[in-house]
Amino acid sequence: MDLSIFDEFESNVRSYVRSFPVVFAKADGVVLTDEDGSEYLDFLSGAGTLNYGHNNPILQVALIEYLQSGGVTHGLDLATVAKRQFIETFSRLILQPRGLDYKLQFTGPTGANAVEAALKLARMSTGRSEVVAFTHAFHGVSVGALATTANRKFRDAAGVPLGNVTFVPYDGYVDASFDSIRYLERLLGDPSSGLDRPAAVIVETIQGEGGVNVARVEWLRALSELCIREGIVLIVDDIQVGCGRTGTFFSFEQSGIVPDIVILSKSLSGYGLPMSLVLMRRELDIWKPGSHSGTFRGNNLAFVGATVALETYWSDSAFSERVLSLGEVVKERLERIAARHSASGLVVRGRGMIWGIVSETHPDIAKRVSEEAFTRGLIIETSGAYGEVLKLLSPLTISDEELERGLAIIEQSFDVVLA
Ligand code: PLP
């Protein structure tokens, strides 16, 4: 397939296209089709943006109807009918049933912009500048967010010092017995620890880009309690694992914590349309009008998609239960693969429908399996500090048959690579 125009004109910064060097023409549910008609199961899902699949027909009909009705498409932050419907639906189906009383800030459309807003808000509201983030964290690549992103690959591109952030070991980073919340508590309580009192702690409940590292619920609870005790704003970045990825709408629901700020993006609009949202405790809403602005805060098509996605998938518990049962299928199959290749030291980790399979001793295996899987019609990426984790992130709307096909390709690819 001819990719020469991309090689000649598009910046070297492009990344995913290097792993999957074909030209895609169509998309439907879990399937991407290239311009020669070859089909691929998509277990990358726009890095977590397509929880409801590509071109979801229910959302598509609503979007086409909205476009043809002459509804507002671009709205800055003007009040529109589409935005009102989204706010009403989000409040009724997501916030109220969970007893959450957040105000909503629509930021610029990238996850990173919402992270910037959350960090600014925490700093402004506390009058403090320091932030605690975690090892292997990924919160985006604009400079403020980048300061909280751990991987040197991204940090090296900043060109300026990335300051005012201290990285603390994530749950399980050192080993299973190391209590990093106690460590953080000790740092905060010691006037001579060198850690200045932070405005915020920013955390992913499962680190997607960082290698599918899953924080235990007890760890999240201890972190939340510590933040409450110390008056530190707790920000949960639910950009990748929110919107149902873990089986509940928010990824922190299982732990029972109530973060001060929650960030959503990626799958929120349902259709892959850009949209980001910061949820904040009411008292934290100290913004002055326009002080975190942005031209593209009013993607009304995204509001329409998001509203219909919420009505379709979050009006009852059926979707949530389906995600959890799919997750069990994935877990079992990956554990079987790991057991069959026990000599390679494969470890399986994940929750809901985000799973990783990793060999710490042979970090190259994941990339080789991803390459082999692609030749067999499966798009699946790696993550982690060394790309050592094969990350399964299929749409949540996947059928049993499609999931089986994808898992079979993964199994065959491991067999070939480890033969
Ligand atoms: N935070 C998390 C947890 C993410 O996974 C990502 C993107 O992968 C971001 C922030 C950044 O979002 P964006 O790429 O839309 O700026």
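Ligands are counted one by one from 1 in listed order, and the atoms in each one are counted from 1 as well.
For the 3.5 Å distance criterion, the side chains of E8 and S4 fail to qualify, holding no donor opposite an acceptor. With hydrogens and angles left out, the side-chain atoms of T89 and W314 include no donor and acceptor closer than 3.5 Å.
Residue pairs that meet the salt bridge (charged side-chain N to carboxylate O under 4.0 Å, His left out) test with at least one member in residues 130-143, sequence neighbours left out, do not exist here.
The backbone N or O of T149 sits nowhere less than 3.5 Å from a side-chain atom of N151 that would complete a donor-acceptor pair.
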Would V203 and Y170 count as a side chain to side chain contact (heavy atoms under 4.5 Å, CB included) here? Give the steps. CA-CA 9 Å; V203 67; Y170 192 71; 4.0 Å; yes
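The 12-atom threshold is not exceeded at OH of Y386, counting heavy atoms of other residues, nucleotides or ligands nearer than 6.0 Å.
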List ligand 1's nitrogen or oxygen atoms that come under 3.5 Å of a protein nitrogen or oxygen, with the partner atom and distance.
residue: ligand 1; atom: 1 (N); partner: F138; partner atom: O; Å: 3.3
residue: ligand 1; atom: 1 (N); partner: D237; partner atom: OD1; Å: 3.4
residue: ligand 1; atom: 1 (N); partner: D237; partner atom: OD2; Å: 2.6
residue: ligand 1; atom: 5 (O); partner: Q240; partner atom: NE2; Å: 2.8
residue: ligand 1; atom: 8 (O); partner: K266; partner atom: NZ; Å: 2.9
residue: ligand 1; atom: 15 (O); partner: G111; partner atom: N; Å: 2.8
residue: ligand 1; atom: 16 (O); partner: G111; partner atom: N; Å: 3.4
residue: ligand 1; atom: 16 (O); partner: A112; partner atom: N; Å: 2.8

